[in-house]
Amino acid sequence: MELIAKRPNGTKDMIPAEAHKWHTVEHIASETAECFGFKEIRFPMFEETGLFKRSVGDTTDVVQKEMYTVTAKGDDSFTLRPEGTAGTVRAVLQNGLLNDALPLKAYYIISCFRHEKAQKGRLREFHQFGIEMFGSKSYLADADVIALAQTVLERLGIKNTELNINSIGCPQCRQKYQDALREYFSAYKDKLCDTCLSRMEKNPMRILDCKSEICSDIAKDAPIILDYLCEECNEHFENLKENLTERGIKFTVNPKIVRGLDYYTKTVFEFVSNSIGAQGTICGGGRYDGLVEQLGGQPTPALGFAMGIERLLLTMEAENCEFFAPKTCDVYIAAMGKAAEKKTVQLVNLLRDEGYHAEYDVMGRGLKAQMKYADKIGSKFTIVLGDNELEKGTAKLKNMAKGEETEITLGDGFIDRFSDMLIGDMFDGSLGDNLF
RNA sequence: GUGGAUAUAGCGUAGCUGGUUAACGCGUCAGUUUGUGGCACUGAAGACCAUGGGUUCGAAUCCCAUUAUCCACCCCA
């Protein structure tokens with residue numbers, strides 16, 4: 001087939017047959033967030049470019065080479081959001097939300113945009129479920145946020161994951177640590193890869209994350225951030241680990257995880273799936289105690305995480321997790337003849353007004369074909385309407401699963417009689433679980 | 001951005017040592033007598049064999065380029 005336009009590189013279409021999968025993730029994620037006291041926030045898909053530069057960080061890959069930046073007619077430069085935290089913080093500040101009772105807890109389901117080379121689990125337009133919490137500096141907040149992420153994954157049925165945590169300290173301890181790293185790595189200047197060499201000055205911590213064999217070999221014996229934490233950061237991390245253990249949340253301390261966004265402080269963590277290949281990070285997050293102040297607010301500790309919805313779906317499919325059953329038709333009205341047509345529309349309207357999922361033939365098909373279609377769409381009941389029935393003022397109501405047919409009187413009180421019959425059938429145990 | 005692989009009807013595949021109307025399964029549609037689905041049988045529609053060039057008497061089959069997808073690097077959700 002020759003199309004005049006193709007889907008842009010790195011984007012996906014969500015087709016109706018798969019809608020229930022997205023609904024499963026979105027519903028479970030938002031319901032779980034609500035359980036933990038989070039409320040939904042929505043904010044623009046694009047922001048002033050400077051917002052991302054200042055929050056995500058000028059030196060990060062995301063800002064340097066992955067942003068979709070557009071200039072409108074005026075002078076302002078706007079950027080399609082590459083992540084959700086910056087926009088959330090901006091919206092929180094602009095609406096003065098931190099003046100209300102703290103902690104402030106918000107969640108979102110959004111699309112994000114990054115100009116990367118597409119591959120499995122890495123898209124140019126992707127979707128995130130994320131949460132942010134403002135106001136608490138306690139390790140309890142960290143633990144609660146991690147527990148929320150864990151609960152969402154559990155409720156989705158995802159099993160094959162590992163939780164990695166680390167602390168990258170506050171700006172003070174990080175400064176000391178980075179100096180130590182530079183000193184250590186400078187001894188290997190001639191062996192490190194080019195990217196790592198350029199990382200030396202700007203962000204030596206990223207060298208720890210390098211996948212090249214040589215670099216990671218050298219990094220094995222590099223100083224560890226945890227040895228450089230100040231008293232406060234160390235205590236925070238110790239308390240967090242203890243609390244997670246008390247909650248029964250299994251984790252691995254991985255001194256090498258360094259989130260690639262500049263705003264993180266102290267706790268960072270990620271859930272990695274072993275089921276979907278190289279792009280296995282299905283949830284990443286941490287604390288960003290300095291960001292609110294950096295964007296012009298009062299100093300306010302904060303933290304959050306984001307999950308990649310496409311990656312969650314990949315994982316669920318790989319692990320054969322259960323999705324919500326797709327909604328199916330409650331009753332299909334199969335009609336024959338012009339006279340029945342009017343009555344059919346009347347009945348369908350009645351049924352739909354009552355909230356039933358009711359359908360009828362708009363294809364001009366014969367009775368047999370209509371029945372076939374009714375079966376195809378999984379209709380629980382069919383109503384057959386023809387001249388015979390119209391004369392008598394009745395219709396045939398057929399339970400598709402059982403194949404049984406009964407007569408139902410049309411006219412006043414039809415809906416009540418119809419509902420009664422459904423309930424009767426439900427007690428017979430013949431109906432599925434998503435009747436209403 | 002860098003490597004490697006792949007690209008045939010809506011989907012999944014066969015055909016690929018070049019040669020008549022490109023095959024199969026699923027799906028779609030229609031029939032298998034009177035007004036009733038699931039099973040079975042029969043038939044039909046649907047592909048300029050990713051796109052653009054080239055080699056050749058002749059290419060889905062060989063060559064080149066482009067694009068997309070997949071895998072890895074990188075990065076991250």
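A note on names: the letters A, B, ... follow the listed sequences, proteins ahead of strands, and every chain is numbered from 1.
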Review point. Pick from A:K12, A:E26, A:E310: which one makes a side chain to side chain donor-acceptor pair (under 3.5 Å) with A:H127?
Key: A:E310

Practice item. Please identify each residue that fulfils side-chain hydrogen bond (donor to acceptor under 3.5 Å, both in side chains) with A:E354, with sequence neighbours left out. Key: none

Could you state the atom-to-atom distance from [atom1] of [X] to [atom2] of [N] in whole Å?
X	N	atom1	atom2	value
A:H127	B:C76	NE2	P	21 Å
A:K368	B:U36	NZ	P	7 Å
A:K6	B:U51	NZ	P	10 Å
A:N9	B:U67	CG	C1'	9 Å
A:M336	B:U34	CE	C1'	12 Å
A:K376	B:C26	NZ	P	12 Å
A:E66	B:C76	CD	C1'	8 Å
A:F381	B:G38	CZ	P	19 Å

Between [options], which one does the side chain of [X] approach most closely?
X	options	result
A:K120	B:G35, B:G37, B:C70	B:C70
A:R114	B:C76, B:C73, B:U36	B:C76
A:M371	B:C76, B:G37, B:A72	B:G37

If we call it a pair only when both distances are under 3.5 Å in a Watson-Crick or G-U wobble match, what pairs with [N]?
N	value
B:G35	none
B:C24	B:G12
B:U42	B:A30
B:U67	B:A7
B:G1	B:C73

Exercise for review: Kindly say whether, by distance alone, the side chain of A:E389 makes a donor-acceptor pair under 3.5 Å with the base of B:G35?
Suggested key: yes

Exercise for review: Report yes or no: is there a donor-acceptor pair, N or O only, under 3.5 Å between the side chain of A:R311 and the base of B:C76?
Suggested key: yes

If you measure from the [atom1] atom in [N] to the same atom in [M], how many Å do you get, rounded?
N	M	atom1	value
B:U34	B:G38	P	14 Å
B:A47	B:A40	P	27 Å
B:G18	B:A59	C1'	6 Å
B:G52	B:A14	C1'	27 Å

Study note, to complete from the structure: For A:I309 and A:W22 the tightest heavy-atom approach is CG2-CZ3, 3.8 Å

Exercise for review: Identify whether a stacking contact exists between A:F126 and B:A77, where the ring centres must be under 5.5 Å apart and the planes under 30° apart.
Suggested key: yes

At under 4.0 Å between heavy atoms, what does [X] touch on the DNA or RNA strands: base, sugar-phosphate, or nothing?
X	value
A:G121	base
A:Q279	base
A:G403	base
A:A374	nothing
A:I282	sugar-phosphate
A:I309	nothing

Exercise for review: Flag the pair A:K53 and A:D58 as a salt bridge only when some basic side-chain nitrogen lies within less than 4.0 angstrom of an acidic carboxylate oxygen.
Suggested key: no

Practice item. Check whether any side-chain heavy atom of A:L156 sits under 4.5 Å from a side-chain heavy atom of A:L312, and report yes or no. Key: yes

Point to revise | Close side-chain approach of A:L163 to A:F269, heavy-atom, < 4.5 Å | key: yes

Exercise for review: Please figure out whether A:Q128 or A:G10 has its closest RNA chain B nucleotide nearer the 5' end.
Suggested key: A:G10

Check your understanding: For A:S379 and A:I276, take the nucleotide of RNA chain B holding the closest heavy atom to each; which residue's nucleotide lies nearer the 5' end?
Key -> A:S379

Practice item. Verify side-chain hydrogen bond (donor to acceptor under 3.5 Å, both in side chains) between A:Y263 and A:Q294, making sure each step is shown before the conclusion. Key: CA-CA 9 Å; A:Y263 49 65; A:Q294 199 181 326; over 6 Å; no

**Study point:** Per-nucleotide protein contact string for nucleotides 1-6 of chain B (B base, S sugar-phosphate only, - none; heavy atom under 4.0 Å)
**Key:** BBB---

Check your understanding: Taking the six-membered ring of A:F43, is the NZ or CZ of A:R81 close enough (under 6.0 Å from the centre) and on axis enough (within 45°)?
Key -> yes

Check your understanding: Under 30°, 30 to 60°, or over 60°: which ring-plane class applies to A:F381 and A:F418, parallel, tilted or perpendicular?
Key -> perpendicular

